[in-house]
Amino acid sequence: MSSFDDMDAFEGASLSARAMAARPAPYLDDLNEAQRAAVEQLDGPVLMLAGAGTGKTKALTARIVHLLVSGRARPNEILSVTFTNKAAREMKTRVGRMLGQQIEGMPWLGTFHAICVKLLRRHAELVGLKSNFTILDTDDQLRLLKQLIAANNIDEKRWPARQLLGLIDQWKNRAWVPSKVPASEASAYNHRGTELYEQYQARLRELNACDFGDLLLHMVTIFQAHPDVLEQYQRWFRYILVDEYQDTNVAQYLWLRLLAGGHKNICCVGDDDQSIYGWRGAEVGNILRFEKDFPGAHVVRLEQNYRSTAHILAAASGVIRGNEGRLGKELWTEAEGGEKVRLIGHWDGEEEARWIGEEIESLQKGTRGIDPHSLDDMAILVRASHQMRAFEDRFLTIGLPYRVIGGPRFYERLEIRDAMAYFRLVVSPEDDLAFERIVNTPKRGLGDKAQQTIQATAREFGVTLLEGARIAIDEDRIRGKGGGQLRMLCENLARWGRMTGDKDVTHMELAEIILDESGYTTMWQNDKTPEAPGRLENLKELVKALEGFENLQGFLEHVALIMDNETEESGAKVSIMTLHAAKGLEFPVVFLPGWEDGLFPSQRSMDESGLKGLEEERRLAYVGITRAEELCTISFAGNRRVFGQWQSALPSRFIDELPEAHVEVLTPPGLYGGGYGAAAAYGGGSGIETRAAEANVYNSPGWKRLQQRSSQRPVSQPRESRTQVIDLEAVSAFEMGQRVFHQKFGYGAITGIEGDKLEIAFEKAGTKKVVARFVHAEDDVPF
DNA sequence: GCATCTAAAGCGATG
DNA sequence: CTTTAGATGC
């Protein structure tokens, strides 16, 4: 084990405390009373209950600065954990800005996982790993589990690997090693869950690998079994700060409690009303229990909101009031005036998308006393990602620029994982999982049979797959085209491996060489699907990302934890994302579509977790509303197509919880009268509102009409956009029958021209009408 | 060994 | 409806 003092992170990070103390402390001046209290109470346990938009990050960064300036701790003695890399990055820059100087050494400001990797590399041998262990992504985990399931003669059809993975994840979130899984879980996964968990852990150790859950679990295990190690860190980390404490799971909680066990200088920041990750193992209980865990804790409430109008806050408060067992907070603001929260019902999901599209266009120009807004200021927040499609389709048709936030993250993408597998294999030839992944990608004529031969050979000689492959070739066990290709792959890998030591080739050049010579780049160049250009683009991004690292090895060690889906595109765009992805963000204008019972609150959530599930959904509604600064529009549709089936739905029960005084009900032309929704059906809301709801909705002709027609496919109502800009110039470049390419739908032929829109029969996506400027001539594809 | 068809499942998402 | 994994056929 390397000595404590060797650790990079523990040295060279000092910033002269005296030099800073001499500076004035403007960071305290623009804090309000509560924020200031939270910042100045440096010693002992502190719970900062920070509502949405109350300047939480500001207080947190001021606290770090205060610790540094007051000389309580050096930058490398502060442990500061966040959940996302984005949050970590933001805190780093804000601390730097507040100090008025860039500060290199905040090595322990990062995500739980990033910090645990750093620690675990130092102590890996205590849990049977080498310090250069690899971190598996979900894909690798799943493949491993499938192998185990097959080896145990379990029918994967009846007992899917995904289920087992979910189970193991949950156990790890609760900090249960295989031997600690309680008997109550014994029946899980056909009574073989624990057994397979044990095998999985053993296999990980063989592979010198661990998964994300292990990063924390191993550290907890080490701290519990080696008090001397724990004590070192308890002493070293003089102050601990935790962001988004309501999202911590049991393993993270134990980890924190162990580290804070000595001095108890721990400050947890969170908002129980924004706990929306229960299904991922987060325990709201952690935050509710804080004062019991840390007796004498100072609890500070940040309740003054600087983000939203009073109407928006009132609406959010009205909804969240429905939850039990809250720590209790009431947001308030000095701001006056503003628009009420708007509520509108639609016939179906497409109508909803159409209306929101038009609304966005008129807000762009400014309307009814609302100033013009950039598209960057507007966001659509949906409950489930499949709701996004309706908006994408509509926005493509009317030519409204949008960006989808979330989606598959950069490093989870197929091409990135493939490329990384090549790099992994070059750096560590014993990485069998990487070998399996790329041996026949691109296609080398090595199918099941050849791969089984390699596996068998490797087992026979007790060597890695790559070594087994080499032996298999030498002994002529794999013949024909595949054999030759495999020989070439092995030789290439060996050659690239030697090049890692070559001073004349930078690791970026090497990465390019690997991708080119393996045929991987060519594979995508020859691919004619619409995704291919984007994938090549991503590979370029990947190589660019290498720049910040010393070598391939260094890059790989960090990549699983630091890669973000971050491509800065030019031009203003409206954002579309899930409510989960929206946490921590804010927008002047927010649309919240799809407020229908079953969709939101989600049926699945309620089925799985009952009242707890419903309460988490309610917090999600609270998070959604509080993202809005000026204008918040909630909508629901009477009919929606789910998995191709038309289904009718009732307005969300959360709509009844919106306080009427702060809501303006909009009535779109030609639709049933607006009004409150499902109160009667659930007995929610006040008596008056409930009766009003019955009168307005259930007995209204419009509602009855809606009910009657709900089983039929609704006729879409073509209505031209008020703000249509016809770009005939773009259309003139095309003619009937021409073959064209579209970013989203791929290749197709023009079958009609109408105004500025083209009707195109796509090869894969069917016939669609799209705006001409999103279409390229076939020979003008922007690769 | 690979391409093409067919059946079944998909609901929320960070490291 | 869409995607994807597995089976089937060539």
Side-chain angles (χ1 to χ4, degrees), chain A residues 81-88 110-117 135-138 141-142 146 156-157 160-162 166 169 172-173 210-217 244 247-249 251-252 276-282 349 381-390 393 405-412 414 440 442-452 478-482 485 531 558-565 577-584 594 598-609 613 616-617 619-620 623 640-647 713 764-766:
Chain A
V81 252
T82 62
F83 269 83
T84 62
N85 287 309
K86 203 172 139 214
T111 62
F112 274 103
H113 294 89
I115 289 169
C116 281
V117 175
I135 303 162
L136 303 190
D137 60 26
T138 315
Q141 292 183 62
L142 216 49
K146 278 184 181 164
E156 215 233 291
K157 276 258 165 62
R162 280 215 89 83
D169 254 2
K172 288 189 174 177
N173 285 339
C210 66
D211 60 27
F212 283 117
D214 279 338
L215 296 176
L216 272 144
L217 187 54
E244 307 282 9
D247 288 337
T248 50
N249 61 35
Q252 290 158 339
I276 55 175
Y277 285 109
W279 47 272
R280 207 170 69 189
L381 313 182
V382 298
R383 174 64 184 86
S385 53
H386 61 75
Q387 289 172 262
M388 293 181 184
R389 187 174 356 228
D393 281 354
I405 298 191
R409 277 160 300 156
F410 188 72
Y411 71 83
E412 264 180 17
L414 183 77
N440 202 29
K443 298 265 181 293
R444 295 194 173 87
L446 297 160
D448 274 357
K449 208 161 152 239
Q451 292 189 40
Q452 271 167 25
I478 295 167
R479 292 159 194 282
K481 187 164 152 259
Q485 293 267 359
E531 295 89 51
H558 288 87
V559 77
L561 299 161
I562 57 126
M563 272 306 218
D564 272 320
N565 189 4
M577 70 189 92
T578 62
L579 287 162
H580 284 93
K583 192 161 91 154
L599 179 60
F600 188 44
S602 133
Q603 194 58 51
R604 181 182 177 178
S605 188
M606 293 187 291
D607 289 347
E608 277 174 9
S609 318
E616 182 154 314
E617 295 287 308
R619 291 193 290 267
L620 211 40
V623 167
R640 203 173 281 281
R641 202 161 34 178
V642 203
F643 299 145
Q645 298 262 326
W646 281 97
Q647 287 183 359
R713 191 198 149 88
K764 297 225 158 73

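Proteins get letters first, then strands, A, B, ... in listed order; numbering begins at 1 in each.
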Integer-rounded Å distance: B:dG12 P and A:Y277 OH: 13 Å

Per-pair stack call A:F112 and B:dG15, 5.5 Å, 30°: no

Derivation of the side chain to side chain donor-acceptor pair (under 3.5 Å) call for A:Q603 and A:D607: CA-CA 6 Å; A:Q603 194 58 51; A:D607 289 347; 3.1 Å; yes

Separation of atom NE2 in A:H113 from atom P in B:dA13, rounded to whole Å: 17 Å

Distance, rounded to the nearest Å, where A:D448 contributes CG and C:dT8 contributes C1': 14 Å

hbond_proxy A:R280 side chain to B:dG12 base (donor-acceptor, 3.5 Å cutoff): no

Presence of A:S385 side-chain N/O under 4.0 Å of B:dG12 phosphate oxygens OP1/OP2: yes

Minimum-distance pair of heavy atoms, taken over all atoms of A:I405 and A:M388: O-CE, 4.4 Å

Touch class at under 4.0 angstrom, heavy-atom based, for A:A450 against every strand present: sugar-phosphate

Evaluation steps, side chain to side chain contact (heavy atoms under 4.5 Å, CB included), between A:R389 and A:V382: CA-CA 11 Å; A:R389 187 174 356 228; A:V382 298; over 6 Å; no

Rounded distance (Å) that lies between atom P of B:dC2 and atom NZ of A:K449: 13 Å

Nearest-angstrom distance from the residue atom CZ of A:R604 to P of B:dA13: 11 Å

Nearest-Å distance for atom pair CG/C1', residues A:N249 and B:dG15: 11 Å

Protein-nucleotide distance (A:Q387, atom CD; C:dC1, atom P), rounded to Å: 19 Å

Rounded distance (Å) that lies between atom C1' of B:dG1 and atom CD1 of A:I478: 13 Å

Most 5' of A:E608 and A:G447 on DNA chain B, judged by nearest nucleotide: A:G447

Residue A:K443, side-chain atoms from C-beta onward, closest of B:dG12, B:dG1, B:dC2: B:dC2

